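Just below is one structure, and these are the notes that go with it.
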Amino acid sequence: MNGIDLGGLIALAAALAAAGAVTGVLAGLFGVGGGAITVPILFEVFGLLGVPDDVRTPLAVGTSLAIIVPTSLRSARGHYRKGVMDTALLRVWAVPIVLGVLIGSVAARFAEPWVFQIVFVAVAGTNAVVLLRGQGGWRIAQAMPTGPVLRVYGLFIGILSTLMGIGGGALSNLLLTLHNRPIHQAIATSAGVGVLISIPGALGYVWAGWGRAGLPADALGFVSLLGVATVVPTALLTAQVGVNLAHSLPKRRLELLFGLFLVVVGARFVAALLGIF
């Protein structure tokens, strides 16, 4: 582990567990799997552990997708009980999203690290602008499209989410709000999208990183088992807290919180791309 002693590993495990608690709240609050927070945190932790730069970002992304599996299930269940999840849309998107995840997993095996970071910054930044502008902001249409266009949306959600290491919440939130869906319904439906993306996505990253040099001993492909084991337990404990908070907040306040959150995590990857830190 390149000089990280036992005390350092314990401190890192504690930091990851704390990040898991935050991830759980965010998963419930914003309908995301938590990848928008776990990817930057894991990126930093793997750097401290001496993971080479050429595998550091995909390892953070793949581990994030594995972490999202249980947190997205917990979040989706909580939102479904609130009765605002668009299950009909999820049924239409199921096959295109999974196909997109498979395409994204293949791309992950060959893509350079900066590709993951640029995709993350572009999507998070666009979503943040839309949310922060509020009701006076952009709208593509007053309703979601039907037929092939709707399925193409699902395909791109699957591809881009897999490259970003997120459960699709940021992307589906963006599309739904651009099509005039209420923020609470967008968040609840996005929680269901996370389930469709995280399971095949995590398996795809195991395959994408299989046999790659430079990965830590605990890694299964591009999935760190230590990262999963430390983040998941606390995330599961706090996911329902986020769900309850989301449904208690006014629409505009929820939009502002999500937008500011995306600005912060996007800025971190801009800094990494520019070599600032």
Side-chain angles (χ1 to χ4, degrees), residues 16-17 19-43 45-46 58-81 85 87 90 93-105 108 116 120 154 157-173 187-210 218-243:
L16 284 169
V22 176
T23 295
V25 173
L26 293 173
L29 180 59
F30 297 137
V32 299
I37 188 68
T38 55
V39 170
I41 289 173
L42 290 168
F43 180 78
V45 169
F46 294 148
L59 182 63
V61 171
T63 304
S64 173
L65 285 167
I67 290 166
I68 288 168
V69 173
T71 59
S72 63
L73 286 168
R74 182 69 179 271
S75 175
R77 184 167 177 254
H79 282 288
Y80 179 78
R81 287 179 169 179
M85 182 182 290
T87 54
L90 292 174
W93 270 351
V95 172
I97 282 178
V98 172
L99 179 59
V101 170
L102 295 176
I103 294 171
S105 298
F116 300 89
F120 197 106
I157 288 172
I159 294 171
L160 295 177
S161 297
T162 306
L163 290 175
M164 291 173 69
I166 63 174
L171 287 163
S172 52
N173 260 304
I187 284 173
T189 305
S190 296
V193 170
V195 177
L196 297 175
I197 288 174
S198 59
I199 297 174
L203 293 173
Y205 268 76
V206 169
W207 169 80
W210 199 265
D218 70 294
L220 191 64
F222 282 139
V223 173
S224 166
L225 299 181
L226 175 63
V228 173
T230 50
V231 172
V232 166
T234 51
L236 289 176
L237 288 173
T238 59
Q240 189 61 41
V241 174
V243 171

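Source: prediction; values computed, not measured. Sequential numbering from 1 along the given sequence is applied to the chain's residues.
The shortest side-chain heavy-atom distance between Val61 and Phe222 does not fall under the 4.5 Å cut-off. In this structure the side chain of Leu59 never reaches within 4.5 angstrom of the side chain of Leu42, judged on heavy atoms. Residues Leu65 and Ile197 have side chains in contact (heavy-atom distance under 4.5 Å, counting atoms from C-beta outward).
Of all non-hydrogen atoms in Met85 and Leu90, the two that sit nearest each other are SD-CD1, 3.7 Å. Here the closest non-hydrogen pair linking Ala66 and Val223 is CB-CG1, 3.7 Å. In terms of heavy-atom proximity, Val195 sits nearest to Ala76 at CG2-CB, 3.9 Å. Heavy atoms only, all atoms of each residue included: Trp93 and Ser172 are closest at CZ3-CB, 4.2 Å. Looking at every heavy atom in both residues, Asp218 comes nearest to Ser224 through OD2-OG, 2.6 Å. Considering every non-hydrogen atom in both Ala202 and Val69, the closest pair reads CB-CG2, 4.5 Å.
When each of Leu226, Val231, Val228 is checked for a side chain to side chain contact (heavy atoms under 4.5 Å, CB included) with Thr63, only Val228 meets the rule. Of the options Leu102, Ile103, Val101, a side chain to side chain contact (heavy atoms under 4.5 Å, CB included) to Ser105 is made by Val101 and by none of the others.
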